[in-house]
Amino acid sequence: MNARANFLAILAAVAVLAVLPSSLSTYSVYVLCSWMVFSIAAMGLNLTLGFAGQVSLAQAAFMGIGAYTTALMTMAGIPWPLAMIAAAVECFLIGLVLGYPALRVQHHFLAFVTLAFNALVFLVLRNEEWLTGGTYGVVGIPRPSVLGFSTNQQTGFYYVVFGFFLVLSAVLYGILRSPWGRAFQALRENPIRANSLGVDIRRMTLLAFAIGSAYGGIAGGLLGQLVQFIDPNSFTLTISLKVLLMVIVGGAGYFFGPYLGALLVILMPEFLRFTEGYYLMLYALLVIVLMISCPKGLLGIVDRIKLSIKLRQNPSATAWEQGK
Amino acid sequence: MTEFIQLLISGLATGSIYALAAIGFTLLWQASQTINFAQGEFVMLPAFFVLAGMHFLGLGFGPAILLALVASLLILGLTFKRVIIDPLLPHGVLPVVIATIALGILMKESVKQFYSAEAQPFPALFSERTITVLGAVVSVQDIAVLLISLSAVGLLQFFLTGTKTGRCMQATAQNPAVAEILGVNVKRMILYTFLINAALALLASVLISPIYLAKFNNGETLGLIAFIAAIVGGFNQIRGAIAGGLLIGVIDNLAAAYVSAQYRSAIPLILLIIIILIRPQGLLGKAEGRTV
């Protein structure tokens, strides 16, 4: 019954998102689009971090690679679906190459390697002017056209992003439900036990990281088309940390965590705009307070409340859950 | 050749400052598994304590440094540990990572809002005279910086290996549970580590600010370099952090002169990736057992 209620809630949310743009200003539609784009990036990172338990600090670098690949290819006249596929495949392969050596060693080495990788990608984007336009970036990235319809209008493009958002969410859900996805979760809960049950830890983690990176690439491709301008500063380490923040604030390892986290991180600047110069300070303070009061993210709070209600109703039956 | 010597010495001087920041980083990691992503800002901030003491309270340079030391110990040491790290540590590394990233932003933005967004000149500790050694022109400041930071490191080493408290701190770093059983006050030792980190940050700040000017966003590069230095040298060894810091300082200087100014900052990053591929425990580090 609970599952059915969840399903209905999701359907309702999708329906609302589908009709929402018609009643919103162009700018609000733009903010919604950027929420969905960053949700896709955060979903990918959630797979790496929340389910496979590895910290990646390079999601912005993958977004950058995806954005530049899509932009340069479409501007060279290659159809945009091909360019998006190329961006995703490219990020997947780079993820494999980058992750393979880093994951040989346990601990937080993937975090270190991806940190350096993000800084390197930034340097290449800035310095290789012949390809990337250097600090001036790439201007005038074309919006995709779908079945002959142009999406130069914000609402038209909204539905393209929305489509990607839905399909990629469904794919991720499918991955997590498959035996393969369950292996991810086993891995996160107890790597040694998972290993003894025959889960190849390194291969699973590597795949999770590569898929997460491909999500980053697709998000980047969409971001380029949304803003129609990209420059190296859009893909710095700070942006990677922002995506990481989305995952953690929402609740790493919760399927809906990234959506909530991205919503908060994207909307907060809009709400705090009146504070002007103090905005970033307030923002940082809020994050610290949130981390201290609820290290598991917002959905962690929801879980805690649910548990305490359950315990009140039936103290003995669910006592073991407290230990979780 | 003379140019090479000049680059080498000034590289060693900045490298020794990086080493100070990297040592603090390593100490925090050893004592409490804290990865401090605000380490760069920890080095940026004390210079502004000094400046604030001089300009708002009218103190001389010396007393202002003392005031900054007290402020650093209280804020970057005690408060940082009590308010942020203590509540978060039981929840693993990630919340600490996020909170320290946010703390870095908070420190950076506060300085920008409440002090200045412009780079501030900082009084030099030493004359800016130069002397000629073997035909190479070397600034007195570089030599002094190198000597001061190396003696600080020497003192720290002596404290850690030669005194009872220092050995208790090492025991805590190696195995807190056993140290506790043997009667070490583990909590106090961890607090000492945070205080030492704050003092090292102040020293690094006072040494580096005359060279690079004090600016609110200095921490970005400094933090990354301290991080790389710690990993390249060996994340679980103090002498690793020293070697890593000096190495990065020298390589950075030589790369800027001989390789490419554009890709100057790429060299330490590539070095980091190569080290992780070939020798993940760092140049001087010992491989750690797997922890689950």
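In what follows, every chain begins at residue 1, and chains take the letters A, B, ... in the order their sequences are listed.
More than 12 heavy atoms of other residues, nucleotides or ligands sit less than 6.0 Å from atom CZ of F114(B). Shown here is R193(A), whose CZ atom has no more than 12 heavy atoms of other residues, nucleotides or ligands within 6.0 Å. Counting heavy atoms of neighbouring residues, nucleotides and ligands inside a 6.0 Å radius, atom CZ of F271(A) does not exceed 12 of them. In Y100(A), the OH atom is not crowded: 12 or fewer heavy atoms of neighbouring residues, nucleotides or ligands sit closer than 6.0 Å.
Contact annotation: the side chain of Y263(B) never approaches that of L120(A) to less than 4.5 Å [non-hydrogen atoms, C-beta and beyond]. Two residues are said to be in side-chain contact when any heavy atoms from C-beta on lie closer than 4.5 Å; L106(B) and Y283(A) fail this criterion. Residues L269(B) and F122(A) fail the side-chain proximity criterion, which asks for heavy atoms closer than 4.5 Å. Here the side chains of P95(B) and I248(A) are not in contact, with every heavy-atom distance at 4.5 Å or above. Put simply, the side chain of I98(B) reaches to within 4.5 Å of the side chain of L244(A), judged on heavy atoms.
Taking CE of M291(A) as the reference point, atom OG1 of T100(B) lies at 11.0 Å (rounded to 0.5 Å). To the nearest 0.5 Å, atom CD of residue E128(A) and atom CD of residue Q262(B) are 7.5 Å apart. The structure places OG of S110(B) at 10.5 Å from CG of L280(A), a figure rounded to the nearest 0.5 Å. For the atom pair CD1 of I288(A) and CD1 of I84(B), the computed distance is 4.5 Å after rounding to the nearest 0.5 Å. Within the model, atoms OG1 of T236(A) and CD of E220(B) stand 9.0 Å from one another, a figure rounded to the nearest 0.5 Å. Note that CZ of R264(B) is 13.0 Å distant from CG of N127(A), once rounded to the nearest 0.5 Å.
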| said: Show, in sequence, the C-alpha distance, side-chain angles and deciding distance for L115(A) and F37(B), and conclude whether the side-chain contact (heavy atoms from CB on, under 4.5 Å) test is met. | reply: CA-CA 12 Å; L115(A) 182 94; F37(B) 269 85; 4.2 Å; yes
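For a residue to count as touching a neighbouring chain, one of its non-hydrogen atoms must lie under 4.5 Å from one of that chain's; by this rule L49(A) touches chain B with the side chain only. Only the side chain of F227(B) has a heavy atom closer than 4.5 Å to any heavy atom of chain A. Looking at S260(B), neither its backbone nor its side chain comes within 4.5 Å of chain A, counting heavy atoms on both sides. With a 4.5 angstrom heavy-atom cutoff, L241(A) touches chain B only via side-chain atoms. For L103(B), the parts lying under 4.5 angstrom from a heavy atom of chain A are both the backbone and the side chain. For a residue to count as touching a neighbouring chain, one of its non-hydrogen atoms must lie under 4.5 Å from one of that chain's; by this rule V124(A) touches chain B with backbone and side chain alike. I228(B) does not touch chain A: none of its heavy atoms, backbone or side chain, sits under 4.5 Å away. Looking at Q113(B), the atoms closer than 4.5 Å to chain A (heavy atoms on both sides) all sit in the side chain, from C-beta outward.
With respect to chain A, the highest number of heavy-atom pairs below 4.5 Å among I105(B), I231(B), V83(B) belongs to I231(B). Your options are G104(B), A266(B), P87(B), P268(B), and the one with the most heavy-atom pairs under 4.5 Å with chain A is A266(B). Interface check for chain B: of the options T238(A), I292(A), L286(A), the most heavy-atom pairs under 4.5 Å are formed by I292(A). In terms of heavy-atom pairs under 4.5 Å with chain B, the best-connected choice from L98(A), V287(A), L123(A) is L123(A).
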